[in-house]
Visitor: 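Here it is, the structure, as structure tokens.
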Amino acid sequence: MGPLASGCYTRLLVFHHIEQRIAQSVAAYLKIRYGIETEVVVEPPKEPRFGELGVTSAFGLARQLRKAPRVIAAEILSEMPPIEGVASAEIAGNGYINLRLDRAAYGAALLAGDLQTAAPASTGKIIVEHTNINPNKAAHIGHVRNAVLGDTFVRMLRAAGHEVEVQNYIDNTGVQVADVVVGFHHLEHKTSEQVAGMAADPACRFDYLCWDLYARTSSYYKDNPEALEWRKQALHAIEAGVGELAELAHIVADAIVSCHIKTMLRMGIEYDVLPRESEILHLQFWATAFELLKERKGIYLEAEGKNAGCWVMPGSAFSDSTDEDTNKVIVRSNGTVTYVGKDIAYQLWKFGLLGKDFHYRPWTSYPDGRVLWVSTDRPSGGAAPKFGRGSSVYNVIDSRQSYLQDVVAAGLRALGFLEQAGHSIHFSYEMVALTPRTCVELGIQLSEEDQKRSYVEVAGRKGVGVKADDLIDKLIAATRAEVDARQTGGTGENAEAERQKIARQIAIGALRYFMLKVTRNSVIAFDFKDALSFEGETGPYIQYAVVRIRNIFRKGDTTPDEALTDFAQQFGDLKGHDFSRAAEMAKDEGALAPVVSNLASYLSGEANEDIWSLWLRAGRFSQVLEQCISTSEPAHLAKHAFQLAQEFANFYHRHHILTEEDPARKTFLLATAAVTLRELVRALALLGIESPEAM
RNA sequence: GGGCGAGUAGCUCAAUUGGAUAGAGCACCGGCCUUCUAAGCCGGGGGUUGUGGGUUCGAUUCCCGCCUCGCCUACCA
């Protein structure tokens, strides 16, 4: 559980608000009445007919109090003071306490406003590191999952009022870049000038070219193991930063990073800063971390055994094992540092614990004006923001690296930075694999064994995989065909641009939702058929609900804002009232009373259950957001958005708004659509999915 | 061998972290376009939650054993 597990809003709306209020009230009562302190679980009952929320505390208390749960529930029910926002309560089953909300008060609160979040109380800056693609080949679907997860989590944190810095680490000096350098130099016999020319040629898909070259080099090593010497030479040259090979590496890495930034921007993904490994080396970040680790005895020099001459971290530091075999080499016997070592230095910098900083220069400016900075080893005169110095760090890295992430956290602990180690969070997720069927479509040869599996791992080294840009292109082609078939965007002068825009919005919506609807620790078995589907539980389904609502307002010649204003004027002034105030006013038969009583009639009764269900869910945004953040699981919001869209679709078919004859009811139905629209758009925005005007 | 994760409908996945009759989507079958767009809606069949025990009022969820699968377990990154 992360450092954000506890609530960080000072004010919450609707569902979350009332859920908390109930939990607190019951907990306080239990403490006074029985002297027992316990966490009270409040959750919706299995079926709506039992009410909106249920409390199961009576069961837990039964043993301690030596009373039947039903008796305890009865005591709680009869003696507890009323809870604001709760209309009634009853006992069910063996001791469930079921609560029914004051629907009008809930509805008034939902109408009244936006989610209001205050800046979280001094939790400090949160750093989220994601994407981190080796700059030696095109991005593939595995990278898309990483970036979409990371980006969505960033959007959620920002929506909750946190200050967030997005880092995309660039390993521009590693073996993967070295292998492409070897390919260009030894296999292709290209000079750095020639490669620079290819990289600058707009007709050349440089990242695709390197994708193939990387695969070629890898297979060349397999047939000619002596060629691994080339890799070693390239690595040395790159690390030293001089000579033709270093120049090649520089050109390749920079060009590929540019490709990645563009690819990610197609999905709406932006970064604040690109810390690069070359600067970690040149600015001696590792040397500083090395001294610290030696000083504080986090690592030691192995005298004998297989790791003789290496600086190692004892396995006991990051696992239960005391076996020496689990020791992790940090510095090789030839004096060079491993990846994990550099990662420890980088992690220290993120927390501001290294006592050093990078220099920076602008890498590019995004269309929205945001500047993307890159690390440099010397001052460039630009006024860069203060990067690093985070109070919490989320590393979005696939679960295969959990062992290495444990070592990094252990490094912080070994240095005595216990708090930072605790706030060093591995935001892990499972890999994206391919279904055998998709492999066949891609022309990938599979063994008989693999054909029987439900999925096959992507292997970048072999060039096996689905490139992100190819997938996006394919999605856009598919959505464009649908858009054309429907003549969405009209046939006028701007039709072409309009259609392309809508096709892109839907394609990206489909892609991002596809990545987000699955929980993190589930392997995604990527299948073209599923990914190219726009029906059922997909992004486009939710976007379609949005478009339908917009069409209602367009056809009705009004707007959501007008509808809400009309509603407020018709039934009283709702603006500026918060939940507790609304409930209070309702009780006092004050200014809000007419609204509340009208709402009550519209939101209750057998015939209105589906509408109430829609309102109830529409008010759950802040609760779901909090859940996503405390569990680091964006999938909950994806599910919420889908369910809300589903309830709206149901509502849409049962209630025809524009032909409603009762003007008051029509206003209410329009307000229902307006609130749903607001909540759908808000949820989609956090998922990084745009809400199209037409479909 | 050790570590981590997974096993739920034919398929792909959920299940608000121990709650009430385990839910969605896809696929399949049957209905619904003269209506605010059918990228939609309604209905139907589909389950011994891998397996055996345990914990308790209550287990898909927690504990132990076993079976199957994946990943990790480099002086690669």
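A note on names: the letters A, B, ... follow the listed sequences, proteins ahead of strands, and every chain is numbered from 1.
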Visitor: Run through A:Y221, A:Y214, A:Y220 and flag the one making a side-chain hydrogen bond (donor to acceptor under 3.5 Å, both in side chains) with A:D179.
Guide: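 Testing A:D179 for a side-chain hydrogen bond (donor to acceptor under 3.5 Å, both in side chains) against A:Y221, A:Y214, A:Y220 leaves exactly one candidate, A:Y221.
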Visitor: Measure all distances between protein nitrogen or oxygen atoms and nitrogen or oxygen atoms of nucleotides 24-27 of chain B, and list the pairs falling under 3.5 Å.
Guide:
unit_1 : atom_1 : unit_2 : atom_2 : d
B:rA24 : O3'    : A:Q646 : NE2    : 3.3
B:rG25 : OP1    : A:Q646 : NE2    : 3.3
B:rG25 : O2'    : A:E537 : N      : 3.4

Visitor: Quick one, give me the B/S/- string for nucleotides 56-63 of chain B, reading 5' to 3', where B means a protein heavy atom under 4.0 Å from the base and S means that only happens at the primed atoms, P, OP1 or OP2.
Guide: SB------
Visitor: What do you reckon, are the aromatic ring centroids of A:F59 and A:Y96 less than 6.0 Å apart?
Guide: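 Yes, the ring of A:F59 comes within the 6.0 Å limit of the ring of A:Y96, centre to centre.
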Visitor: Between B:rA15 and B:rC57, how far apart are the two P atoms, rounded to whole Å?
Guide: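 Between the two P atoms, the distance is 27 Å.
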Visitor: Is the ring pair A:W286/A:F290 parallel, tilted or perpendicular, if the boundaries are 30 and 60 degrees?
Guide: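 Because their plane-to-plane angle is under 30°, the rings of A:W286 and A:F290 count as parallel.
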Visitor: Which nucleotide wins on minimum distance to the side chain of A:A92, given the candidates B:rU16, B:rA20, B:rU12?
Guide: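 The closest nucleotide is B:rA20.
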Visitor: Quote, to the nearest angstrom, the C1' distance that separates B:rA9 from B:rU60.
Guide: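 About 14 Å, rounded to a whole number of Å.
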Visitor: What contact category does A:V483 fall into here, base, sugar-phosphate, or nothing, at under 4.0 angstrom with non-hydrogen atoms?
Guide: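 Base contact.
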Visitor: Identify whether any heavy atom of A:R550 sits under 4.0 Å from a base atom; if not, whether one sits that close to sugar-phosphate; answer base, sugar-phosphate or nothing.
Guide: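 Nothing: the residue A:R550, judged by heavy atoms under 4.0 Å, touches no strand.
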Visitor: Establish, with yes or no, whether the OP1 or OP2 oxygen of B:rA39 is under 4.0 angstrom from a side-chain nitrogen or oxygen of A:R486.
Guide: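 Yes, A:R486 has a side-chain N/O under 4.0 Å of OP1/OP2 on B:rA39.
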Visitor: Determine the contact category for A:A525: base if any of its heavy atoms lies under 4.0 Å from a base atom, sugar-phosphate if only primed atoms, P, OP1 or OP2 are that close, otherwise nothing.
Guide: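 The residue A:A525 makes sugar-phosphate contact but no base contact.
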Visitor: Should the pair A:F526 and A:F514 be assigned to parallel (<30°), tilted (30 to 60°) or perpendicular (>60°) ring geometry?
Guide: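 Because their plane-to-plane angle is over 60°, the rings of A:F526 and A:F514 count as perpendicular.
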Visitor: With a 4.0 Å cut-off on heavy atoms, is A:D406 in touch with a base, just the backbone sugar-phosphate, or nothing at all?
Guide: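 Contact class for A:D406: none.
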Visitor: Output the rounded distance in Å from CD (A:E43) to P (B:rU16).
Guide: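 Computing the A:E43:CD to B:rU16:P distance gives 8 Å.
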Visitor: Got a sec, which residues hit salt bridge (Lys or Arg N to Asp or Glu O under 4.0 Å) with A:K67, two or more places apart in sequence or on another chain?
Guide: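 Residues passing salt bridge (Lys or Arg N to Asp or Glu O under 4.0 Å) with A:K67: A:E75.
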Visitor: Please work out whether B:rC62 sits syn or anti, treating a glycosidic angle within 90° of 0 as syn.
Guide: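 That one's anti.
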Visitor: Can you check nucleotides 74-77 of chain B for protein contacts, nitrogen or oxygen pairs under 3.5 Å, and list what you find?
Guide:
unit_1 : atom_1 : unit_2 : atom_2 : d
B:rC75 : O3'    : A:R332 : NE     : 3.0
B:rC75 : O2     : A:S333 : N      : 3.1
B:rC75 : O2     : A:S333 : OG     : 3.0
B:rC75 : N3     : A:S333 : OG     : 2.6
B:rC75 : N4     : A:K306 : O      : 3.1
B:rC75 : N4     : A:A308 : O      : 3.4
B:rC76 : OP2    : A:R332 : NE     : 2.1
B:rC76 : OP2    : A:R332 : NH2    : 3.0
B:rC76 : O3'    : A:R332 : NH2    : 3.3
B:rA77 : OP1    : A:R332 : NH2    : 2.3
B:rA77 : OP2    : A:R332 : NH2    : 3.1
B:rA77 : OP2    : A:Y339 : N      : 3.3
B:rA77 : O3'    : A:D171 : OD2    : 2.2
B:rA77 : O2'    : A:D171 : OD2    : 3.0

Visitor: Whenever both distances are under 3.5 Å in a Watson-Crick or G-U wobble pair, mark it; put RNA chain B into dot-bracket that way, with [ ] for crossing pairs and | when the partner is on another strand.
Guide: (((((((..((((.....[...)))).(((((.......))))).....(((((..]....))))))))))))....
Visitor: Check whether A:Q543 reaches the backbone of A:M695 with its side chain - one donor and one acceptor, N or O, closer than 3.5 Å.
Guide: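 Flag not set: sc A:Q543 to bb A:M695 has no pair under 3.5 Å.
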Visitor: Can you tell me the distance, in whole Å, between the CD atom of A:Q20 and the C1' atom of B:rU16?
Guide: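 The distance from CD of A:Q20 to C1' of B:rU16 comes to 14 Å, rounded to the nearest Å.
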Visitor: Mark this stacking check for A:Y652 against B:rC41 as yes or no, applying ring centres under 5.5 Å and ring planes under 30°.
Guide: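 One would not call A:Y652 stacked on the B:rC41 base.
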Visitor: Is there a side-chain contact between A:R554 and the phosphate of B:rU37, meaning an N or O under 4.0 Å from OP1 or OP2?
Guide: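 No, outside the criterion.
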Visitor: Just the rounded figure in Å: distance from C1' of B:rC36 to CG of A:N650.
Guide: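 One finds 16 Å between C1' of B:rC36 and CG of A:N650, rounded.
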Visitor: Is there a donor and acceptor pair, one atom on the side chain of A:E47 and one on the base of B:rU21, closer than 3.5 Å?
Guide: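 Side chain to base: pair found, below 3.5 Å.
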Visitor: Remember a base hit wins even if backbone is also touched, and classify A:A62 as base, sugar-phosphate or nothing at under 4.0 Å, heavy atoms.
Guide: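 No contact.
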Visitor: Could you tell me which non-hydrogen atom of A:G536 sits nearest to which non-hydrogen atom of A:F642, and how far apart they are?
Guide: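 Heavy-atom minimum between the residues: O-CE1, 3.7 Å.
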Visitor: Taking all non-hydrogen atoms of both residues into account, name the closest pair between A:Y403 and A:K328 and its distance.
Guide: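 Where A:Y403 meets A:K328 most closely, the heavy atoms are OH-CD, 3.2 Å.
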Visitor: Within this structure, what is the CZ-to-P distance between A:F651 and B:rG40, rounded to whole angstrom?
Guide: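 After rounding, the gap between these two atoms is 19 Å.
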Visitor: Please report the distance, rounded to the nearest Å, between CE in A:M431 and P in B:rC71.
Guide: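 Checked: the CE to P distance equals 6 Å.
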Visitor: Any donor-acceptor pair under 3.5 Å joining the side chain of A:Y455 to the base of B:rG70?
Guide: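 Between B:rG70 and A:Y455, which were checked side chain against base, a qualifying N/O pair under 3.5 Å is absent.
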Visitor: Centre-to-centre under 6.0 Å for A:Y544 and A:Y541, is that the case here?
Guide: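 No, they do not, as the ring centres are separated by 6.0 Å or more.
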Visitor: May I have the distance from A:Y541 (atom OH) to B:rA39 (atom C1'), rounded to whole angstrom?
Guide: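 Computing the A:Y541:OH to B:rA39:C1' distance gives 10 Å.
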Visitor: Write out a two-atom table: protein N or O, nucleotide N or O from nucleotides 33-35 of chain B, distance below 3.5 Å.
Guide:
none

Visitor: Select base, sugar-phosphate, or nothing to describe what A:R654 touches, counting heavy atoms under 4.0 Å on all strands.
Guide: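 Answer is nothing: A:R654 stays at 4.0 Å or more from every strand.
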Visitor: Just how far, in rounded Å, is P of B:rG70 from CG of A:N521?
Guide: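 The distance from CG of A:N521 to P of B:rG70 comes to 18 Å, rounded to the nearest Å.
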Visitor: For A:S399, answer base if it contacts any base atom (sugar-phosphate contacts may also be present), sugar-phosphate if it contacts only those atoms, and nothing otherwise; contact means non-hydrogen atoms under 4.0 Å.
Guide: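 Counting heavy atoms under 4.0 Å across all strands, no contact is made by A:S399.
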Visitor: Does A:R548 count as lying over the ring of A:F648, i.e. NZ or CZ under 6.0 Å from the six-ring centre, within 45 degrees of the axis?
Guide: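 No, A:R548 does not sit over the ring of A:F648.
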Visitor: Could you give the distance separating B:rU61 and B:rG25 at their P atoms, to the nearest angstrom?
Guide: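 Looking at atom P only, B:rG25 and B:rU61 are 25 Å apart.
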Visitor: Roughly how many Å apart are B:rA27 and B:rG3, using the P atom of each and rounding to a whole number?
Guide: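 The same atom, P, in both gives a distance of 43 Å.
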Visitor: Determine the contact category for A:H426: base if any of its heavy atoms lies under 4.0 Å from a base atom, sugar-phosphate if only primed atoms, P, OP1 or OP2 are that close, otherwise nothing.
Guide: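 No contact at all - A:H426 keeps every heavy atom at 4.0 Å or more from the nucleic acid.
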Visitor: Could you give the CD-to-C1' distance, from A:E633 to B:rA15, as a whole number of Å?
Guide: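 Spelled out: CD on A:E633 to C1' on B:rA15 is 13 Å.
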Visitor: Determine the Euclidean distance between corresponding P atoms of B:rG18 and B:rC62; express it in Å to zero decimal places.
Guide: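 Straight-line distance between the two P atoms is 7 Å.
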